[in-house]
Amino acid sequence: MLTWMDSLKGRSMMRLASFTDEEMLNLIDLAAQLKARRAAGVRGDLLHRKNIALIFEKSSTRTRNSTLIAVRDEGGNGEYLTRPDIHFGKKESVKDTARVLGRIYDGILFRGFKQSDCEALAKYSGVPVWNGLTDDYHPTQIFADLLTVRETFGSLEGVTVAYVGDGRNNVANSLMMGCAKCKVNYVCCCPKELEPDPAVLAEAMEVAKRNGITIKVFNDPKEGVKGANVLYTDVWVSMGEEAKTAERIKMLCPYQINMDLMRATGNIDGKLMFLHCLPAFHDYETEVTKDCGALEVTDEVFESKYSKVFDESENRMHTIKALLVSALCDRKAI
Ligand code: CP
Ligand code: NVA
């Protein structure tokens, strides 16, 4: 049986901090159930006639396609709207666009730059709005990450995730909070300049303390990853920060995830996996990678038995589906 919590009905998701621990775990459970249901060949109608707008200011392969297919699988309709398609924030304020789209759609998934735009959409549209990535947070990603960890290790209990790279980007911010809420120890390995924002760190630390797990920040990656079960990284230059490319590569080269760093966990023969939200620079030759072949992760690690990145990317669809069903399905359970 599929079950979801009453408290999730009609809910927006701006960031993970606004969800209780129980709500987060319920969403991961529901995603696993929906995944099994799809594997059994069921295409349901949990989002029957629900219309979802996808407003995207930034590029996307996973979030866009996961959302569109999650909605279609369950009998709904998704509409992909990019900045040139609509007046969003140009000829029309975000507030007006929100009020217009809220009369037409049942929900909005937003990917863009400003967290405040995502919040304005939620405030003025009157329908649930989900943050599909802003400069500050990437909450939908974390449900997929934690589901993948749970599938691989059987449970989240006692697991330590070490995030290595740009410790203050959108993925790192959300991952830190998601781990704290789901009782997973979190280690951030990054240069001093890219440490988590003190306010974001303090908020996650408070949750970690309540849940009896630890959050630690290390500047030395080999020291930081000791004992870790998951090595996680993301691009060194997030969308919108392209001007910082040369500086970031110089700063983050010592934080590349390679087999040496995997070995430094001490878990190479035990409980160890590699995750990356993707897209990843591991084999893709561009102007910036031509001298080193890879940036944040080597091809050897990316293609190794430890790498669960394609399970993780598939899980984007099941977890986004869980979020949408919880918020929009008129039934309580099936
Ligand atoms: N991980 C992720 O959000 O991927 P996309 O940018 O392709 O959506
Ligand atoms: N930090 C990355 C995540 C991409 C999914 C970015 O914002 O570009």
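First listed ligand is number 1; within each ligand, the first listed atom is number 1.
- Between Arg15 and Asp136 there is no salt bridge, since no side-chain N of the basic residue sits under 4.0 Å from a carboxylate O of the acidic one.
- The CG atom of Asn258 lies 8.5 Å from the CD atom of Glu300; values are rounded to the nearest 0.5 Å.
- Compare Thr134, Asp166, Asp135, Leu133 by their heavy atoms: the one nearest to atom 4 (C) of ligand 2 is in Leu133.
- Neither the backbone nor the side chain of Thr63 comes within contact range of ligand 2; no heavy atom lies under 4.0 Å.
- Scanning Asp234, Asn173, Val171, Thr61 for the heavy atom closest to atom 2 (C) of ligand 2 points to Asp234.
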Could you list, one pair per line, each nitrogen or oxygen of ligand 1 together with any protein nitrogen or oxygen closer than 3.5 Å, giving atom names and the distance rounded to 0.1 Å?
from	atom 1	to	atom 2	distance (Å)
ligand 1	1 (N)	Gln141	OE1	2.9
ligand 1	1 (N)	Cys277	O	2.8
ligand 1	1 (N)	Leu278	O	2.9
ligand 1	1 (N)	Arg316	NH1	3.3
ligand 1	3 (O)	Thr63	OG1	3.0
ligand 1	3 (O)	Arg111	NH2	2.9
ligand 1	3 (O)	His138	NE2	2.8
ligand 1	3 (O)	Arg316	NH1	3.1
ligand 1	4 (O)	Arg62	NE	2.8
ligand 1	4 (O)	Leu278	O	3.4
ligand 1	6 (O)	Arg111	NH1	2.8
ligand 1	7 (O)	Thr61	N	2.7
ligand 1	7 (O)	Arg62	N	2.8
ligand 1	7 (O)	Arg62	NE	3.1
ligand 1	7 (O)	Arg62	NH2	3.0
ligand 1	8 (O)	Ser60	OG	2.6
ligand 1	8 (O)	Arg62	N	3.4
ligand 1	8 (O)	Thr63	N	2.9
ligand 1	8 (O)	Thr63	OG1	2.7
ligand 1	8 (O)	Arg111	NH1	3.4
ligand 1	8 (O)	Arg111	NH2	3.2

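- Taking a cut-off of under 4.0 Å to the non-hydrogen atoms of Leu278, the atoms of ligand 2 that pass are 5 (C).
- Phe88 has its ring centre no less than 6.0 Å from the ring centre of Phe56.
- At distances below 3.5 Å, not a single donor-acceptor pair connects side-chain atoms of Glu206 with backbone N or O atoms of Glu203.
- Between Asp166 and the choices Glu193, Arg248, Met251, Lys244, the side-chain contact (heavy atoms from CB on, under 4.5 Å) rule is met once, by Arg248.
- Side-chain atoms of Thr63 and Leu109, non-hydrogen and from C-beta on, do get closer than 4.5 Å to each other.
- Ligand 2 has a nitrogen or oxygen under 3.5 angstrom from a nitrogen or oxygen of Met239.
- Each of the atoms 2 (C) of ligand 2 lies under 4.0 Å from some heavy atom of Val235.
- Residues near Val42 contribute nothing to a hydrophobic cluster around it, because no ILVMFWY side-chain heavy atom sits closer than 4.5 Å to its side chain.
- For a threshold of 3.5 Å applied to N or O pairs, the pair formed by Asn170 and ligand 2 contains at least one separation below that value.
- For Asp73 and Arg43, the salt-bridge test passes: some basic side-chain N is under 4.0 Å from an acidic carboxylate O.
- Residue-to-ligand polar distances place Ser238 within reach of ligand 2: an N/O pair is separated by less than 3.5 Å.
- Relative orientation of the Phe310 and Phe302 rings is perpendicular, given thresholds of 30° and 60° on the angle between their planes.
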Full working for side chain to side chain donor-acceptor pair (under 3.5 Å) between Arg316 and Thr140: CA-CA 7 Å; Arg316 295 298 310 286; Thr140 63; 2.9 Å; yes
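- Those atoms of ligand 2 that come under 4.0 Å of a heavy atom in Asn169, given as number and element, are 1 (N).
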